[in-house]
Participant: 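Handing you this structure, nothing more for now.
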Amino acid sequence: MSAGRAAPLPAGFYRRDALALAPALLNKVLVKGNVSGRIVEVEAYGGADDPASHAFGGRTARNSTMFGRAGLLYVYFTYGMHHCANVVCGDEGEGTAVLLRALTPLDGLDEMRARRLAARSDRELCAGPGRLCQALGIDRLLDGADLVPGSSGVAVVDDGTPPPAQPGTSGRVGITAAADRPWRFFVPGAPGLSRRSP
DNA sequence: ACCGGGATGTTCT
DNA sequence: GAACATCCCGGTG
C-alpha cells in the first residue's frame, strides 16, 4: 500500500446499518490482487423502507447475497454490461448494503489502465461504480466473497487514513425512487469522484 | 462544457 | 416486454 500499513478492519465493523457504515467506509482501501484504490464515494441502500434498494421486493436469486452476513461483497450485473459492487452490512437477513461508487487509484495503475481502455485520464479509472469494477476486475464470480484480507482475493483494509470529519452528502445517483434521500457520501475534493453528481 | 441517445443482457412483470 | 444503483461517444454552444 502506498500510505501506511494495511490492517484488517475490526471484527464487527460491518455489523451496523448502511447509513452508519457508509461514511465509515470512506478512506478505507479496496484491494484485489495487486490492484487497490481508496474508497471516496459510496451510497447506502436497504433497510425496511427503501424502495430504491434491490432488497425492497424481498429475496431473489439475484440479490440473495445482500441478505447474507455482514462483510460479504454483493456484486450484480446491470445495463447489460456493467458490474456494481456493494458491501453487505447490518444483521444477516436484513438486506442492507453500501454501494461502492468511486475509488482514488492507489496501486496497480498499469493493470487498471489495461482493463479500462476508454479512460482518458487516471482520475477516470475508478470514477463510477461500473468503472471501478472494471478497473479491479470485479465481476459476478466475486459475488458473495468475504472481504476479510486473505480469504477471497478481494478485501477492504485500513491504511491508517481516517474517514473525513465532514463527509460530503447528496442524493443517490441513477435511481428514481427515493432519489431525494441524502444517502450518498463522499470525500470532498478527492480525486476520482464519479462525474454524475446531483 | 453540457446534453442526448445507443449499447447490451439479466431480471422481473 | 419493460426496467435497469451505467458508461461512452458524438453532437452542439
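Chain letters run A, B, ... following the sequence lines, proteins first, then strands; residues in each count from 1.
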Participant: Which part of the nucleic acid does A:A52 contact within heavy-atom distance under 4.0 Å: base, sugar-phosphate only, or nothing?
Facilitator: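 Counting heavy atoms under 4.0 Å across all strands, the contact made by A:A52 includes a base.
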Participant: What distance, rounded to whole Å, do you find between the two P atoms, one in B:dC3 and one in C:dA5?
Facilitator: 22 Å
Participant: Within less than 4.0 Å of OP1 or OP2 of C:dC9, is there a side-chain N or O belonging to A:R120?
Facilitator: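 Looking at the OP1 and OP2 atoms of C:dC9, neither is under 4.0 Å from any side-chain N or O of A:R120.
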Participant: Can you tabulate the close N/O pairs, meaning under 3.5 Å, that link protein atoms to atoms of nucleotides 11-13 of chain B?
Facilitator:
unit_1: B:dC12; atom_1: OP1; unit_2: A:T60; atom_2: OG1; d: 2.5

Participant: Determine the minimum heavy-atom distance between A:V148 and A:S151, stating which atoms define it.
Facilitator: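 Closest approach of A:V148 to A:S151: O-OG, 2.7 Å.
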Participant: Can you check nucleotides 1-4 of chain C for protein contacts, nitrogen or oxygen pairs under 3.5 Å, and list what you find?
Facilitator:
none

Participant: A:R131 side chain: which of B:dA7, C:dC8, C:dA5 is closest?
Facilitator: C:dC8
Participant: Pairs of donor and acceptor atoms involving the side chains of residues 77-93 of chain A, under 3.5 Å and at least two apart or interchain, shall be tabulated with distances.
Facilitator:
unit_1: A:N86; atom_1: ND2; unit_2: A:Y74; atom_2: O; d: 3.3
unit_1: A:D91; atom_1: OD1; unit_2: A:R15; atom_2: NH2; d: 3.0

Participant: A:H83 has an atom NE2; how far is it from atom P of B:dT8, in whole Å?
Facilitator: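 Going from NE2 in A:H83 over to P in B:dT8 covers 15 Å.
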Participant: Report the distance from atom NE2 of A:H82 to atom P of C:dA5, rounded to the nearest whole Å.
Facilitator: 13 Å
Participant: Could A:R16 and A:Y14 be counted as a cation-pi pair, given that NZ or CZ must be under 6.0 Å from the ring centre and within 45° of the axis?
Facilitator: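 Not flagged: A:R16 not positioned over aromatic ring of A:Y14.
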Participant: In a check of salt bridge (Lys or Arg N to Asp or Glu O under 4.0 Å) between A:D159 and each of A:K28, A:R5, A:R38, which one passes?
Facilitator: A:R38
Participant: Under 3.5 Å, is there a donor-acceptor pair linking the side chains of A:D143 and A:T65?
Facilitator: yes
Participant: Let me know the distance between OH of A:Y76 and P of B:dT10, rounded to the nearest Å.
Facilitator: 16 Å
Participant: Considering the options A:R120, A:R113, A:R131, which one meets the side-chain contact (heavy atoms from CB on, under 4.5 Å) requirement together with A:L125?
Facilitator: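 With A:L125 as partner, side-chain contact (heavy atoms from CB on, under 4.5 Å) holds for just one option, A:R113.
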Participant: To the nearest angstrom, how far is A:L100 atom CG from C:dT6 atom P?
Facilitator: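 So the CG-P distance, A:L100 to C:dT6, works out to 13 Å.
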Participant: In whole Å, what is the span from the CE atom of A:M81 to the C1' atom of C:dA5?
Facilitator: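 Distance, rounded to whole Å: 15 Å.
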Participant: Return the value, rounded to whole Å, for the distance between atom CG of A:L125 and atom P of C:dC8.
Facilitator: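 Atom-to-atom, A:L125 to C:dC8, this comes out as 10 Å.
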Participant: Once you round to the nearest 0.5 Å, how far does CH2 of A:W183 lie from CZ of A:R172?
Facilitator: 5.5 Å
Participant: Taking only residues two or more places apart in sequence or in another chain, which ones pass side-chain contact (heavy atoms from CB on, under 4.5 Å) with A:F67?
Facilitator: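 side-chain contact (heavy atoms from CB on, under 4.5 Å) check on A:F67 returns A:A55, A:R59, A:N63.
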Participant: Both distances under 3.5 Å, Watson-Crick or G-U wobble: on that basis, could you give the dot-bracket string for DNA chain B, with [ ] for crossing pairs and | for other-strand partners?
Facilitator: |||||||.||||.
Participant: OG of A:S36 to CG of A:L30: how many Å apart, nearest 0.5 Å?
Facilitator: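 Those atoms lie 8.5 Å apart.
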Participant: Considering non-hydrogen atoms only, spot the tightest contact between A:L99 and A:P129 and give its length.
Facilitator: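 Looking at all heavy atoms of both residues, the shortest contact is CD1-CB, 4.3 Å.
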Participant: Please identify each residue that fulfils side-chain contact (heavy atoms from CB on, under 4.5 Å) with A:T176, with sequence neighbours left out.
Facilitator: none
